[in-house]
2 protein chains.
Amino acid sequence: MTESCCAPLSDATLSDDEAVLLAGWLKALADPVRLRLVNIVATSGEACACDFPAALGKSQPTISHHLSQLVKAGILDREQRGKWAWFRLNNDRLKEVTAALS
Amino acid sequence: MTESCCAPLSDATLSDDEAVLLAGWLKALADPVRLRLVNIVATSGEACACDFPAALGKSQPTISHHLSQLVKAGILDREQRGKWAWFRLNNDRLKEVTAALS
DNA sequence: CAAACGTATTGACAACCATCGATGCATGTC
DNA sequence: GACATGCATCGATGGTTGTCAATACGTTTG
């Protein structure tokens, strides 16, 4: 009947809502394509979307889909310059993620 | 034809294989139930599986499934004590994850 | 050994996701 | 204005995932 076998657990320091939020950020990062996108943007300072399909060997719609997920999660910032879309890393969000895992 | 519009990108510092590996670890963490499991284990030092279904409001098979994913990803270590299963945090793996995101 | 109990596994199902071709929308160019 | 170009959206599809009831497995206890 799932009865406790031991001393009670410490109180959890992570609420349900916080867990959902953090899981969302981690889910945005938990894909090889998106990790490589983040890595390229981070090491380049900024990058425009036009380079990604060739760099990662994925179709343009696929790249666009991944980029929008990263922007939605607040991990990348998007800026439109003429007809090109440029991306930068949001370091604050990334620090927020690593801080929650420490 | 998706032609480059700008200076070439910096060389990526994350290989495809590394990205797949890191994505696997992040995927193991990217779920609210699993994050709360990790949090409980981390704050308690160690915990036995018998407490989790009540603490998280999930069925025993569901908890067992999540725990096995965390163990498989090397985030939790499992130890059998009689008929109870005890879990501890693998801090090295967690540090490896946060280091890769910094 | 037999019964009880904690946990893992199986099977099933709905929800979600990564991917791509086709198409639409906006911006810049002639 | 007409055309070309970069990117987003749509529709479809195959694969993955979270969940639980039922069941099997292993350990302890009587």
Side-chain angles (χ1 to χ4, degrees), chain A residues 1-7 9 16 19-20 22-38 41 46-73 76-88, chain B residues 1-7 9 16 19-20 22-38 41 46-73 76-88:
Chain A
M1 205 185 301
T2 315
E3 191 167 354
S4 183
C5 66
C6 41
L9 298 169
D16 200 358
V20 170
L22 180 54
W25 298 339
L26 289 168
K27 212 173 283 190
L29 289 168
D31 179 276
V33 173
R34 290 197 288 272
L35 282 175
R36 294 177 70 196
L37 285 170
V38 169
V41 171
E46 61 181 9
C48 98
C50 57
D51 289 318
F52 294 138
L56 300 189
K58 297 287 173 182
S59 73
Q60 179 269 319
T62 296
I63 296 292
S64 177
H65 171 245
H66 286 306
L67 286 171
S68 85
Q69 288 194 235
L70 288 168
V71 170
K72 186 177 168 194
L76 294 186
D77 289 329
R78 185 199 140 104
E79 183 192 351
Q80 188 83 26
R81 296 185 197 166
K83 51 182 181 177
W84 292 283
W86 286 79
F87 295 86
R88 289 184 153 278
Chain B
M1 204 185 302
T2 313
E3 193 166 353
S4 183
C5 65
C6 40
L9 298 170
D16 200 356
V20 170
L22 180 54
W25 299 339
L26 290 168
K27 211 174 283 190
L29 289 168
D31 178 274
V33 173
R34 292 196 288 274
L35 282 175
R36 294 178 71 199
L37 285 171
V38 169
V41 172
E46 61 182 8
C48 98
C50 57
D51 289 319
F52 294 139
L56 300 188
K58 296 287 174 184
S59 73
Q60 178 269 322
T62 297
I63 296 292
S64 177
H65 171 244
H66 286 306
L67 285 171
S68 87
Q69 286 194 238
L70 288 167
V71 170
K72 185 177 169 193
L76 294 186
D77 290 329
R78 185 200 140 104
E79 183 192 349
Q80 188 84 25
R81 296 186 197 164
K83 49 184 182 177
W84 294 282
W86 286 79
F87 295 87
R88 290 185 151 278

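A note on names: the letters A, B, ... follow the listed sequences, proteins ahead of strands, and every chain is numbered from 1.
- Annotation: the terminal axes of the helix from dC1(C)-dG30(D) to dC30(C)-dG1(D) meet at 20°, where each axis is the rotation carrying the C1' atoms of four end pairs onto the next four (5 pairs per end, rounded to 10°).
- Summarising the geometry, the separation between CD on Glu79(B) and P on dA8(C) is reported as 14 Å, rounded to the nearest angstrom.
- Rounded to an integer number of Å, the gap from Leu67(A) CG to dG6(D) P is 16 Å.
- For Arg34(B), the side-chain hydrogen bond (donor to acceptor under 3.5 Å, both in side chains) partners two or more places apart in sequence, or in a different chain, are His66(B), Gln69(B).
- Between atom CG of residue Asp31(A) and atom CG of residue Leu22(B) there is a gap of 11.0 Å, rounded to the nearest 0.5 Å.
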Between the protein and nucleotides 15-19 of chain C, which nitrogen or oxygen pairs are less than 3.5 angstrom apart?
from	atom 1	to	atom 2	distance (Å)
dA18(C)	OP1	Arg34(A)	NH1	3.2
dA18(C)	OP1	Arg34(A)	NH2	2.9
dA18(C)	OP2	Gln69(A)	OE1	3.2
dT19(C)	OP1	Lys58(A)	NZ	3.1
dT19(C)	OP2	His66(A)	NE2	2.4

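- Put simply, CZ on Arg36(B) is 16 Å from P on dG18(D), counting in whole angstrom units.
- Among residues two or more places apart in sequence or in another chain, the side chain to side chain contact (heavy atoms under 4.5 Å, CB included) test is passed with Pro61(B) by Ser59(B).
- Closest non-hydrogen pair, Pro53(B) versus Gln60(B), comes out as CG-CA, 4.1 Å.
- Pairing each heavy atom of Trp84(B) with each of Cys48(B), the nearest pair is CD1-SG, 4.2 Å.
- Remark: Glu79(A) engages Arg81(A) in a side chain to side chain contact (heavy atoms under 4.5 Å, CB included) (not counting sequence neighbours).
- Per the geometry, CZ belonging to Phe52(B) stands 14 Å off C1' belonging to dG6(C), to the nearest Å.
- Residue Gln60(B) contributes atom CD, which lies 7 Å from atom P of dA8(C) at whole-angstrom precision.
- When the side chain to side chain contact (heavy atoms under 4.5 Å, CB included) test is applied to Arg88(B), the partners found at least two apart in sequence or on another chain are Glu46(B).
- Taking CG of Leu35(B) as the start and CG of Leu70(B) as the end, the distance is 8.5 Å to the nearest 0.5 Å.
- Considering only heavy atoms from C-beta on, Thr62(B) stays 4.5 Å or farther from Leu56(B) through its side chain.
- Scanning both residues, Ala49(B) and Leu67(B), for their nearest heavy atoms gives CB-CD1, 4.0 Å.
- Residues passing the side chain to side chain contact (heavy atoms under 4.5 Å, CB included) test with Asp77(B) are Asn90(B), sequence neighbours excluded.
- Counting to the nearest Å, the C1' atom of dC20(C) and the CG atom of Leu56(A) are 15 Å from each other.
- Inter-residue side-chain proximity for Val41(B) and Phe52(B) is flagged as met; some heavy-atom pair is nearer than 4.5 Å.
- In this entry the distance linking CD1 of Ile63(B) with C1' of dC20(D) reads 12 Å, nearest Å.
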Between the protein and nucleotides 13-15 of chain D, are there any N/O to N/O pairs under 3.5 Å, and if so, what are the atom names and distances?
none

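- Closest non-hydrogen pair, Pro32(A) versus Ala19(B), comes out as O-CB, 3.8 Å.
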In B/S/- notation (B base, S sugar-phosphate only, - none; protein heavy atoms under 4.0 Å), nucleotides 24-30 of chain D written 5' to 3' is ---SS--
